[in-house]
Participant: 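So that we are looking at the same thing, I have put the structure below in structure tokens.
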Number of protein chains: 2
Amino acid sequence: MAATRLFWERGYEGTSIGDLTEAMGIRPGSLYAAFKDKKSLFQEVVHSYGRSPVGGFVAVALEEEPTAHGAFARILREAAVIYPDPSHPAGCLTISAATNVAPQDAEIEAFLRNLRNENLATFEARLRVAQQEGELPPSANPRSLAAYFAAVIQGMSQRARDGATAAELTETAELALDAWPGARR
Amino acid sequence: MAATRLFWERGYEGTSIGDLTEAMGIRPGSLYAAFKDKKSLFQEVVHSYGRSPVGGFVAVALEEEPTAHGAFARILREAAVIYPDPSHPAGCLTISAATNVAPQDAEIEAFLRNLRNENLATFEARLRVAQQEGELPPSANPRSLAAYFAAVIQGMSQRARDGATAAELTETAELALDAWPGARR
DNA sequence: CGATTTGTTGAGCGATTACTCAAGAAAGAA
DNA sequence: TTCTTTCTTGAGTAATCGCTCAACAAATCG
């Protein structure tokens, strides 16, 4: 949807109803008939983004990769290529669309924050399973590792918005994987 | 200044002139007499932030620490404590105050982006010196390492705004330092 | 002191914000 | 066809945005 691109690029508050109606080729009345209001439209956009290949690659990797290391390595390497891809706005919509907002939109800020923290919990759960299965040594800390990878991914999204290329972000991904218990290039 | 807290917490567009005049206890006319306009006030705020202990800890560490490893270890560990400090808004003003804006404020977005990319260049320069001095092996890539640490720091700022504690961020910092050539906990 | 400068004030500017609604057009059912 | 339902439209709402200005007060100067 055209709304996705706008919210992705300019964020929630940076995108006006006028921008949206113009891009979608409709009048405000139609927009408010189809979606309740701006908040609801945004939340619908975020959900459809999460179900798309570009926004859902993290969940797909966690599901498809048999090992935790394989999953996180794939997530970081794919993020390095997807985030700076010029076919869409840079970075991740969930990470950057509402990082700082006016008090009246705190609800939207919290909505995305919750999504991010849910992803963090998913990371931790996957690493905990890996530890139970013996892939991760008992000395490893699933919670710490999850928070670390979440921070790296959020940082890579920001760097992509600042102009980092896929090559640069791939090097960042490889360095980040050195933190994996026992890993070394 | 009161304006710093507001911009830090809500971002550039999330802070209105009304918010600023109320917090500063002045009327709009006085604000526009003292600072030219909202953009100029914001830029002045960012500059004073960069000269403060909280906003300038990166430059101080790079200046004071004799080794590059010492400098980056200190930067990460201090960021882990400073970013979630409850005595001020979470995270880094430069990183989060204008990540997504309306087209009319693209100038402000670029202003902060340039600051971030300058910091990245400073990182790379410090690492290049370390390589010339033999602290870093010839196989290391100063540019990649700099981009990696920049991404981690930006990610830590975001995580702090999402509620991460100093303890959690410290663990992230320690994991991040594993990427240092030859390092291992 | 009076004169001049500097700073502050409240009122209000035009533009933009998210959003609404009565009226009309289009589509579907009988 | 006619009736009903669904969707779209242009005009408009009140509120807020960044910003300006003539009038006034405070401070500075000779």
Side-chain angles (χ1 to χ4, degrees), chain A residues 1-49 89 93-94 96-113, chain B residues 1-49 89 93-94 96-113:
Chain A
M1 207 195 311
T4 305
R5 282 193 71 92
L6 282 173
F7 281 132
W8 197 343
E9 178 127 25
R10 308 179 182 180
Y12 176 74
E13 287 186 337
T15 307
S16 72
I17 298 292
D19 295 334
L20 292 164
T21 54
E22 188 184 358
M24 297 164 87
I26 58 172
R27 256 40 60 189
S30 301
L31 189 149
Y32 282 89
F35 314 91
K36 220 191 85 203
D37 53 13
K38 194 186 176 187
K39 281 188 217 276
S40 302
L41 168 58
F42 179 75
Q43 289 173 336
E44 198 149 318
V45 161
V46 172
H47 280 131
S48 87
Y49 168 83
L93 171 68
T94 307
S96 66
T99 55
N100 38 240
V101 299
Q104 75 242 20
D105 293 321
E107 190 186 334
I108 292 293
E109 190 171 20
F111 169 67
L112 289 190
R113 187 189 348 265
Chain B
M1 208 197 305
T4 306
R5 282 193 71 90
L6 282 172
F7 280 132
W8 197 342
E9 178 127 26
R10 306 178 182 180
Y12 177 74
E13 288 186 336
T15 306
S16 72
I17 299 291
D19 295 335
L20 292 164
T21 53
E22 189 184 358
M24 298 164 85
I26 57 172
R27 255 42 59 188
S30 301
L31 190 149
Y32 282 88
F35 315 90
K36 220 191 87 205
D37 53 14
K38 192 186 176 186
K39 281 188 217 276
S40 302
L41 167 58
F42 178 75
Q43 290 173 338
E44 197 148 318
V45 160
V46 171
H47 280 132
S48 88
Y49 168 83
L93 171 69
T94 307
S96 67
T99 54
N100 38 238
V101 300
Q104 72 242 20
D105 293 321
E107 190 186 333
I108 291 293
E109 191 172 17
F111 169 66
L112 288 190
R113 189 191 345 268

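Just so it is clear: chains get the letters A, B, ... in the order the sequence lines come, proteins before strands, and each one is counted from 1.
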Participant: Might you point out which heavy atoms bring B:A98 and B:E109 nearest each other, and give the distance in Å?
Facilitator: O-CG, 3.4 Å
Participant: Which residue, B:A34 or A:G29, contacts DNA chain C at a nucleotide closer to its 5' end, judged by nearest heavy atom?
Facilitator: B:A34
Participant: How many Å lie between CG on B:D19 and C1' on D:dC19, as a whole number?
Facilitator: 15 Å
Participant: Just N and O in the side chain of B:S16: are any of them under 4.0 Å from OP1 or OP2 of D:dC17?
Facilitator: yes
Participant: Determine the minimum heavy-atom distance between B:D19 and B:G14, stating which atoms define it.
Facilitator: OD2-O, 3.9 Å
Participant: NZ of B:K36 versus C1' of C:dG7: gap in Å, rounded?
Facilitator: 20 Å
Participant: Which pair of heavy atoms, one from B:F7 and one from B:A97, lies closest together, and at what distance?
Facilitator: O-CB, 3.9 Å
Participant: In this structure, how many angstroms lie between the C1' atom of C:dT17 and the CD atom of B:Q104, rounded?
Facilitator: 11 Å
Participant: Would you tell me if any nitrogen or oxygen in the side chain of B:Y32 comes within less than 4.0 Å of OP1 or OP2 on D:dT20?
Facilitator: no
Participant: Give the rounded distance in Å between these two atoms: CG of A:D37 and P of C:dT17.
Facilitator: 17 Å
Participant: Could you check whether atom NZ of B:K39 has more than 12 heavy atoms from other residues, nucleotides or ligands sitting under 6.0 Å from it?
Facilitator: yes
Participant: Could you work out which one of D:dC19, D:dT8, C:dC19 sits closest to the side chain of A:K38?
Facilitator: C:dC19
Participant: Quick one: label B:T21 by what it contacts on the DNA or RNA (base, sugar-phosphate, nothing), any heavy atom closer than 4.0 Å.
Facilitator: nothing
Participant: Rounded off to whole Å, could you give me the CE-to-P distance for the A:M24 and D:dC7 pair?
Facilitator: 15 Å
Participant: Whole-Å distance between D:dG18 C1' and B:E107 CD?
Facilitator: 15 Å
Participant: Go through C:dT9, D:dG18, C:dC19 for me and flag the one nearest to the B:R27 side chain.
Facilitator: C:dT9
Participant: What is the distance, rounded to the nearest whole Å, between atom CG of B:L41 and atom P of D:dG18?
Facilitator: 11 Å
Participant: Nearest nucleotide by nearest heavy atom, which residue falls closer to the 5' end of DNA chain C, A:I17 or B:S30?
Facilitator: B:S30
Participant: Taking side chain as C-beta onward, heavy atoms only, is A:V101 less than 4.5 Å from A:I108?
Facilitator: no
Participant: Provide, to the nearest angstrom, the distance between the CG atom belonging to A:L31 and the P atom belonging to C:dT20.
Facilitator: 11 Å
